[in-house]
Student: 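What follows is a structure written as structure tokens; I'll ask about it next.
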Amino acid sequence: VTSVWNADHMNPSLAAHWRLLKMDAARWIRPQEIGDVSSLRLTLIVGLLARHPPLRAMAWFRLGSALRDLGVRGVPSWVQRRLLRLYGLELSVGADVGGGLYIAHPVGCVLAGRSIGANVTVISQVTFGTRDDDEWPTIGDETFFGAGARVLGGVHVGHGARVGANAVVLRDVEPGVTVAGVPARPITPHTG
Ligand SMILES: CC(C)(COP(=O)(O)OP(=O)(O)OC[C@H]1O[C@@H](n2cnc3c(N)ncnc32)[C@H](O)[C@@H]1OP(=O)(O)O)[C@@H](O)C(=O)NCCC(=O)NCCS
């Protein structure tokens, strides 16, 4: 059975999305950490899916995106509506989202980035969206977004940056920097 789930035996599009879903699942081995994808067996993935509704939301997203890539009509938009109805999550099926997206609490999150990197952490009620133009944010790898964070317009949030709870990001955030406030500005963490 496991060989059926081995990406080497799959259609390339399905395989790509399956690998991304495995990265998503690896974020839930220990919630929020970046787990070891190679340690994931099918039984562990099924167990994580059973325990964590936000991971199930990601599974629907990956499935919808894979079907969209395969040219299946109708089902991806049904999946999109399902994400909103069941999980309160707005994330466009087919959007450029790296593996390992960890959404602690999907309800009320609107994640419309130009692209979202790998192993991004979103806590709750987060918005990635336009400001007053048609530009969407670019979200770097291993970034963190606290509860209620908003990232608006064509800004870049650099690799490893952290955005504090309720911050409103209107300018680029340099890699590794922590920002907070409205509008968001760099802060100096007391630790780390
Ligand atoms: C931004 C964040 C990641 C920084 O954490 P940290 O590196 O430990 O930073 P510190 O707590 O040492 O705070 C450093 C300074 O920034 C301020 N600060 C921290 N988070 C802030 C925020 N969200 N908004 C405004 N100021 C903030 C602190 O008051 C402190 O200011 P001071 O130097 O004047 O005392 C964290 O505060 C945060 O917002 N995390 C989100 C948590 C969350 O979403 N929880 C919901 C769970 S359901």
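As the structure lists them, so they are numbered: ligands from 1, and atoms in each ligand from 1. No experiment lies behind these values; they were computed from the predicted model shown. Nothing fancy with the numbering, it's 1 onward along the sequence.
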Student: If the condition is ring pair (Phe, Tyr, Trp, His ring centres under 6.0 Å), which residues does F61 pass it with, not counting sequence neighbours?
Tutor: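 Ring pair (Phe, Tyr, Trp, His ring centres under 6.0 Å) check on F61 returns nothing, list empty.
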
Student: What protein heavy atom sits nearest atom 3 (C) of ligand 1, and how far off is it?
Tutor: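 It is R162 NH1, 3.7 Å.
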
Student: Evaluating non-hydrogen atoms only, which member of G164, A180, G146, A167 is closest to atom 25 (C) of ligand 1?
Tutor: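 Of the listed residues, A180 has the closest heavy atom.
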
Student: Among protein heavy atoms, which sits nearest to atom 47 (C) of ligand 1, and what does the distance come to when rounded to 0.1 Å?
Tutor: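 Result for atom 47 (C) of ligand 1: I123 CG2, 3.7 Å.
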
Student: Between D141 and A118, is there a donor-acceptor pair closer than 3.5 Å when you use the side chain of the first and the backbone of the second?
Tutor: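 Here the side-chain-to-backbone pair exists.
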
Student: As a test of the contact definition, would atom 28 (C) of ligand 1 count as having a protein heavy-atom neighbour under 4.0 Å?
Tutor: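 It does not: no protein heavy atom is found less than 4.0 Å away from atom 28 (C) of ligand 1.
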
Student: Quick one: nearest non-hydrogen protein atom to atom 42 (C) of ligand 1, plus distance?
Tutor: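 Nearest neighbour among protein heavy atoms for atom 42 (C) of ligand 1, to 0.1 Å: F144 CZ, 4.4 Å.
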
Student: Just to be sure I read this right, does ligand 1 sit under 4.0 Å from the backbone of H190, its side chain, both, or neither, counting only heavy atoms?
Tutor: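 The answer is both.
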
Student: Inspect the surroundings of CZ in R56 and state if more than 12 heavy atoms from other residues, nucleotides or ligands are less than 6.0 Å away.
Tutor: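 Atom CZ in R56 is crowded, with more than 12 foreign heavy atoms closer than 6.0 Å.
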
Student: Mark yes or no for whether N119, through its side chain, and E142, through its backbone, hold a donor-acceptor pair below 3.5 Å.
Tutor: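 Not at all, since once roles are kept as given, no pair shorter than 3.5 Å links the two residues.
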
Student: Where is the nearest protein heavy atom to atom 43 (C) of ligand 1: which residue, which atom, and how far?
Tutor: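 Minimum-distance protein heavy atom for atom 43 (C) of ligand 1 reads A147 N, 3.9 Å.
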
Student: If every non-hydrogen atom of S39 is compared with every non-hydrogen atom of I29, which pair is closest and at what distance?
Tutor: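 Scanning both residues completely, I find the closest heavy atoms to be OG-CD1, 3.8 Å.
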
Student: Q32 versus I123: any side-chain heavy-atom pair under 4.5 Å?
Tutor: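 Yes, their side chains come closer than 4.5 Å.
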
Student: Y87 versus I103: any side-chain heavy-atom pair under 4.5 Å?
Tutor: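 With C-beta onward as the side chain, the pair stays apart.
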
Student: Does L170 sit in a hydrophobic cluster with other residues, and if so which ones, taking ILVMFWY side chains as linked at heavy-atom separations under 4.5 Å, directly or through other members?
Tutor: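 Via sub-4.5 Å side-chain contacts, L170 links to L152, V168, V182.
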
Student: Protein heavy atoms near atom 8 (O) of ligand 1, is at least one of them under 4.0 angstrom away?
Tutor: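 It does not; no protein heavy atom is within 4.0 Å.
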
Student: Counting both backbone and side chain atoms, is some N or O of T178 under 3.5 Å from an N or O of ligand 1?
Tutor: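 T178 vs ligand 1: no N/O contact under 3.5 Å.
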
Student: Short check: is a protein heavy atom less than 4.0 Å from atom 36 (C) of ligand 1?
Tutor: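 Neighbour list for atom 36 (C) of ligand 1 is empty of protein heavy atoms (cut-off 4.0 Å).
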
Student: Any side-chain to backbone donor/acceptor pair from R27 onto G100? Under 3.5 Å, distance only.
Tutor: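 Yes; judged by distance alone, with no hydrogens or angles, the pair exists.
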
Student: Could you tell me whether atom 11 (O) of ligand 1 has a protein heavy atom closer than 4.0 Å?
Tutor: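 Within 4.0 Å: no protein heavy atom nearby.
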
Student: Does ligand 1 come near enough to P189 that some N or O of the ligand is less than 3.5 Å from an N or O of the residue?
Tutor: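 P189 vs ligand 1: no N/O contact under 3.5 Å.
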
Student: Under 6.0 Å from the six-membered ring centre of W28 and within 45° of its axis: does the NZ or CZ of R51 meet both?
Tutor: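 So R51 doesn't make the cation-pi contact.
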
Student: Of the backbone atoms (N, CA, C, O) and the side-chain heavy atoms from C-beta on, which set of V163 has a member under 4.0 Å from an atom of ligand 1: side chain, backbone, both, or neither?
Tutor: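 Under 4.0 Å from ligand 1, V163 contributes no heavy atoms.
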
Student: Which residue from V179, I187, T188 reaches closest to atom 19 (C) of ligand 1 through any of its heavy atoms?
Tutor: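 That would be I187.
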
Student: Please state which option from A104, A165, A149 has its nearest heavy atom closest to atom 38 (C) of ligand 1.
Tutor: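 Looking at heavy atoms only, A165 sits closest to atom 38 (C) of ligand 1.
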
